[in-house]
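Heavy atoms only: backbone and side chains are in, while hydrogens, waters and symmetry mates are out. Residue numbering restarts at 1 for every chain, and letters A, B, ... go by the order of the sequence lines.
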Number of protein chains: 2
Amino acid sequence: MDRNVVNPGQMKSRKFNNLGLIKLAQAWDLLQEVCKAVQEWFPMSDKIFVSAEEVARKAGVSRSAVSRAFTAGASIAPETRRKVMEAAEALGYHVNHLARGLMRNESGIVCLVVSDLGTPYRSALIKALTQQLQNAGKIAMIVNTDRSDERVDMALRQAIRYRADASIVLSGMPDKSLVDLCVRNGQRLVLINRDDEHQGPLRINLDEEGTAQSVVTAFLRAGCRRLAFANSEAGTPSLMAREVGFVAAAREQGLDVTVERFGPTGYESGKVLAQRLMTRRERPDAVFCVTDLVALGFMDAARHQFSLSIPQDLCVVGFDDIPQAAWNSYDLTTFAQPIDEIATAAVAWLMSDDVGQSQSLRLNAPFVWRRSVRSA
Amino acid sequence: MDRNVVNPGQMKSRKFNNLGLIKLAQAWDLLQEVCKAVQEWFPMSDKIFVSAEEVARKAGVSRSAVSRAFTAGASIAPETRRKVMEAAEALGYHVNHLARGLMRNESGIVCLVVSDLGTPYRSALIKALTQQLQNAGKIAMIVNTDRSDERVDMALRQAIRYRADASIVLSGMPDKSLVDLCVRNGQRLVLINRDDEHQGPLRINLDEEGTAQSVVTAFLRAGCRRLAFANSEAGTPSLMAREVGFVAAAREQGLDVTVERFGPTGYESGKVLAQRLMTRRERPDAVFCVTDLVALGFMDAARHQFSLSIPQDLCVVGFDDIPQAAWNSYDLTTFAQPIDEIATAAVAWLMSDDVGQSQSLRLNAPFVWRRSVRSA
DNA sequence: CGCAGTAATGCAAGCGCGTGCAAGGTGTCA
DNA sequence: TGACACCTTGCACGCGCTTGCATTACTGCG
């Protein structure tokens, strides 16, 4: 440190205790004061938000009155509230939700944990959730967990840091210990389509029992006999359940299923899967794709690389009912994710008072019949 | 209120001041105490987050030491930090970002204002932004402004309430007064593809000067002469700029453009626009669609309802380069939104220190040449 | 007029954290 | 050994808000 600079502490020490330095110390204090005043008059830079204090002054009421004016159901005279609101409007005052959250122990934030956010299904779900949350007076904070799975844990940690009222996990599987931590902290947790055996949170899953059955039936009616299942290598429980269910249902009808797995769950994987399945000696005449995106890639490859007609040469079924499945070029038969129901159920549970024990919800994914499967 | 119930205030009043009631009051106090203790021992319900206080006790240090342990660059001995971290881990402590934000006047939250979140382009942008923000140590809060335009203002108000460090507006146009309010509050503001004349914020737009020129040139080389522009009725400045630019560029070549506008900016609108344009007496042989989604709808209608071949009978160009544009069924020639650049630029500006004056950024949207336009 | 009940209001404590300041500890040099 | 610089640490205050409690004002009733 520069030897010429003295700090006030030194000034007040006995060593320096003579008249000249006392005056210097006084000057220092004065300087500080001036600086502070200047800073107050000319905000000059950062974040000068107006506080309830100032609104109170302007409205001629106490600070608590301001607080009550912005609290639904508080005991305050209409006239007072009006005055406060007027002053607030004039000053551009907005309640500081950070401070409010600190006091109330309820931030109003709900954390959405999601990967592959660019995907049609995911983004549709996010859209529905954000809307429902806003309707319920909450706000969505979103944590992108693309890449490593360990990020889900980081995401939940973020949720805890911001004292989120709840977290909704759309992707990946959080570690059990972290789930416990969330629950212990009174944070509500919703797991969508990740059928883990976690305790405490709400689990929303699709009822995929009937699904496989429906597909097999549809394929049989269409006269198909060489069944295939196009899966990704993601290995998510819900994705695997579709495969297992389909294979089982087919076997019940005495049919084998050719299963192929490749890459992530997307359009490109669908194309690769088609290349693999369609170059087999026994070329399938019906394929159930784990996802609409996979199905669309599959269809494109089948048509443009193998010159197959759908559904004449090949029947295809997908899963999710993303908007693209309904496009004329595809007209894909599929199962509809009940997106709105999922969002509604999740938000309803978050807002409900019965501080839930572990609860599991199974929703139906209705069969959407289009033209990628020959009709009977 | 039940007349049998007395509250402590009444008990202490002179009227009740006799021995029996004094004892009763004491009992009441004791009861309160017991209740508090019980509640402390058996959390029983809500939000019992562990605080720095408890970590400090467990680690045998002061609370400030805990605070410093979690503050980068603070003056703390490695050994002390280790002890703190250990205790924190054991207790499941996480810094309360609400309180930290309150102190530091910097919440770490960035507010994303967006509508049509389910759309491929929008969701891709959100994905890129959330990722970049996380890399920069921020977290994204997302406000869905579907429906009314007035919601954008509500969104910015939310941003202010949560003392967001910044807001990024992807949809709609905020009211000038609100923008001022944000700026006045030191909140940074990024407007993406909404070329308003706002002061203060960063504006990111595409350089669409050359765009129209390229399309016209491409169409002319392909031998097209009957040009059309398929627009939505959204009327966003950037969308209108494309229309105006295209019409002007065509006129420069001595060609008229048939302009049709319909509905929102989506696939379905594209189909309707095709129906309208393709039933005209002078059927266009080239169409520039304001958006990829519109283009894809247009292509599907042209093919399946009018049995046209693309690009033989009709050349199509879109805008955005959403993933679906690259799908085999479409192979759409289009302009690529520089999504990553947009996100990078936005986040970089947010994080930069030079508390910016108004700044405007123009990015290039490279032409992506595919097969929906005949080559020369 | 006195009394009680109710509505409105201010006071002050405290939510969990960061940080300036002063005190304590350690090492270095004369 | 003392002077000095430097690194750590604890104390205490305040960020902006909510809320329990006590006080005051007001109303209706006997």
Residue pairs passing the side-chain hydrogen bond (donor to acceptor under 3.5 Å, both in side chains) test with at least one member in residues 55-66 of chain B, sequence neighbours excluded, are B:Ser62-B:Ser64

The complete set of side-chain hydrogen bond (donor to acceptor under 3.5 Å, both in side chains) pairs with one or both residues in residues 66-81 of chain B, sequence neighbours excluded, reads B:Glu79-B:Arg82

B:Asn96 side chain reached by B:Ser51 side chain, heavy atoms, under 4.5 Å | no

| Less than 4.5 Å apart, any side-chain heavy atom of A:Leu133 and any of A:Leu112? | yes

*asked:* Strictly below 4.0 Å, N to O, side chains only: are B:Asp153 and B:Arg157 in salt-bridge contact?
replied: no

One would report the end-axis bend of the helix from C:dC1-D:dG30 to C:dA30-D:dT1, five pairs per end and rounded to 10 degrees, as 40°

From CD1 of B:Ile76 across to C1' of D:dC6 the rounded distance in Å is 17 Å

Taken in chain and number order and not counting sequence neighbours, the residues that satisfy ring-ring contact (aromatic ring centres under 6.0 Å, His included) with B:His94 are none

Heavy-atom side-chain contact between B:Leu189 and B:Leu156 under 4.5 Å
yes

Rounded to whole Å, the CD-C1' distance (A:Glu54 to D:dC17) equals 14 Å

With a 4.5 Å cut-off on side-chain heavy atoms, are B:Ser107 and B:Asp165 touching? yes

Rounding to 0.5 Å, atoms CZ (A:Arg161) and CZ (B:Phe49) come to a distance of 12.5 Å

Per the under-4.0 Å heavy-atom filter, residues of residues 82-89 of chain A near DNA chain C come out as none

In whole angstroms, the gap separating C1' of D:dC7 from CZ of B:Arg81 amounts to 14 Å

Output one line per pair: protein atom, nucleotide atom from nucleotides 12-18 of chain C, and distance, for all N/O pairs under 3.5 Å.
from	atom 1	to	atom 2	distance (Å)
C:dC17	OP1	B:Tyr93	OH	2.6
C:dC17	OP1	B:Asn96	N	3.3
C:dC17	OP2	B:Ala52	N	2.6
C:dC17	N4	B:Arg63	NH2	3.2
C:dG18	OP1	B:Arg100	NE	2.5
C:dG18	OP1	B:Arg100	NH2	2.9
C:dG18	OP2	B:Ser67	OG	2.3
C:dG18	O5'	B:Ser67	OG	3.4
C:dG18	O6	B:Arg63	NH2	2.7

Any side-chain heavy-atom pair from A:Ser167 and A:Gln158 closer than 4.5 angstrom? no

Check your understanding: Using a cut-off of less than 4.0 Å, is there contact between a side-chain N or O of B:Ser75 and OP1 or OP2 of D:dC7?
Key -> no

